[in-house]
Amino acid sequence: MRNILITGGAGFIGSHVVRLFVTKYPDYHIVNFDKLTYAGNLANLKDIENKPNYTFVRGDICDFESVRNLFVKYDINGVIHLAAESHVDRSIKDPFTFAKTNVLGTLSLLQAAREYWDGNYDDKLFYHISTDEVYGSLAFDGELFRETNKYDPHSPYSASKASSDHFVRAFHDTYGMPVIVTNCSNNYGPYQFPEKLIPLFINNIRHNKPLPVYGKGENVRDWLYVVDHARAIDVIFHKGRVAETYNIGGFNEWKNIDLIKVMIKVTDKLLGRPAGTSDHLITYVKDRAGHDLRYAIDSTKLKKELGWEPSLQFEEGIEQTVRWYLDNQEWLDNVTSGEYEKYYEKMYSNR
Ligand code: NAD
Ligand code: DAU
């Protein structure tokens, strides 16, 4: 019996991971522990919320007592840790929250796992989901982030994620805890909070609102469809080697401005507007402070060792994604108006 704690399961990537594990592994018990911050939304999991092998618990990873009780109550033997503050722009405004959730929250989970597992590490795993941003910024075309690259974080977000990665590895080196860390590139797809580039811009194009391009739009990101990330997490959770790091990415680099032009083209097409209708919405604005120029992941190790590769071509993935946001206006409107937050506050205020 596997009782798996997935933290941050009501967020963007977490909801895809929860859906995959709940549907693919009916014999597992999946416990989704999520604080439901502005980024957490139970509507992301409506289709699986009544499955018998799924439990949602609202809680804060920084609350050590709650986390400790969770391990005991559900006899947790595997952790997939995604809960985090995830938006770089917010980290620039409020670094303390990032240090608290991403660093101390991770430490609280590690310590609770250590106490509960008490040195019996058979069939246990603490799997930490991290980002390629810990490696810093690439200067040259063709250069890629490898698992052996040194850490060089620049934003408060990436500094907090780097710190959490170090704590996870320290728990292996110091206490022998079986851990795995993965560092993934930019994800896109359904259920992403519309503060991030892709859903924000699709929504703005639909509403004829300006598209704020930071700096000259020349920064490069490496995009992976979120379901492919969830598939990689599944493979690594089951077959990855303990104490290893795996990079996850789709060899799919895009200069922001080129990606934005593709989004405009696809969104206009799906809205039935003549080509070029929304080009004028592009608005160059002040650059993000400390804006990393280029991220690009080398995921050769993952492919060679575990046979994972992305299933979806980007052209197909971006069209599916635009279609999903256009077809799910109610989800977008609830999220942008904050309606769902009010709803869940009410729902949980009596518990
Ligand atoms: P998200 O912001 O969409 O979701 C984060 C989730 O964590 C939300 O459901 C939120 O309610 C929950 N959460 C936040 N603070 C919490 C706390 N104190 N206790 C319990 N739950 C809390 O984030 P995402 O984009 O899905 O990212 C998930 C993870 O993957 C993060 O660790 C992030 O660093 C990492 N990651 C993200 C990307 C990406 O492109 N989005 C890429 C690589 C790695
Ligand atoms: O690389 C992985 C990371 O990808 C994850 O660890 C983070 O959690 C995730 O948020 C993402 O970080 P980015 O900062 O790369 O994503 P974002 O969508 O915020 O921005 C993508 C690029 O687009 C970046 O170069 C900044 C630019 N941008 C973003 C926004 C929101 C704009 O030009 N305008 C915008 O309005």
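Start at 1 and go down the list; that is how both ligands and their atoms are numbered.
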If you measure every N/O of [X] against every N/O of ligand 2, is any gap under 3.5 Å?
X	answer
V213	no
E195	no
F201	no
N186	yes
D89	no
Y214	yes
Y157	yes

Regarding [X] and [Y], does a basic nitrogen lie under 4.0 Å from an acidic carboxylate oxygen?
X	Y	answer
E115	R68	yes
R231	D228	yes
R19	D47	yes

Show me which atoms of ligand 2 lie under 4.0 Å from any heavy atom of [X].
X	result
P212	32 (C), 33 (O), 34 (N), 35 (C), 36 (O)
H87	19 (O)
V88	14 (O)
Y295	1 (O)
T131	1 (O), 2 (C), 3 (C), 5 (C), 6 (O)
K196	10 (O), 18 (O)
H291	24 (C), 25 (O), 26 (C)

Using a side-chain heavy atom cutoff under 4.5 Å and only I, L, V, M, F, W and Y, what cluster partners does Y157 have?
V88, I92, F98

With ILVMFWY side chains joined below 4.5 Å, transitively, what does L138's cluster contain besides itself?
V134, Y135, F145, Y151, Y295, I297

Classify the side-chain pair W223/N187 by whether it contains a donor and acceptor separated by less than 3.5 Å.
no

Side chains of D94 and T97, donor plus acceptor under 3.5 Å:
yes

Does the N32 side chain pair with the main chain of V18, one donor and one acceptor, at a distance under 3.5 Å?
no

Residue shell for ligand 1, any heavy atom closer than 4.0 Å, reads G8, A10, G11, F12, I13, D34, K35, L36, T37, A39, G40, G59, D60, I61, L82, A83, A84, S86, T101, I129, S130, T131, Y157, K161, C184, S185, N186, N187

Separation of E319 CD from Q313 CD (nearest 0.5 Å)
13.5 Å

Taking the non-hydrogen atoms of K161, is any one of them nearer than 4.0 angstrom to ligand 2?
no

Close aromatic pair by centroid cut-off 6.0 Å: W117 and F126
no

Could you tell me if the ring centre of Y246 sits under 6.0 Å from that of W308?
no

Test side chain to side chain donor-acceptor pair (under 3.5 Å) on S163 and S160; report intermediate values, then the result.
CA-CA 5 Å; S163 173; S160 70; over 6 Å; no

For residues 199-222, which residue pairs pass the ring pair (Phe, Tyr, Trp, His ring centres under 6.0 Å) check, not counting sequence neighbours?
none

Proximity winner for atom 17 (P) of ligand 2, if only heavy atoms of R288, E133, R221 are counted:
R288

Trace of the ring-ring contact (aromatic ring centres under 6.0 Å, His included) decision for F314 with Y188:
CA-CA 10 Å; F314 185 68; Y188 71 99; 5.2 Å; yes

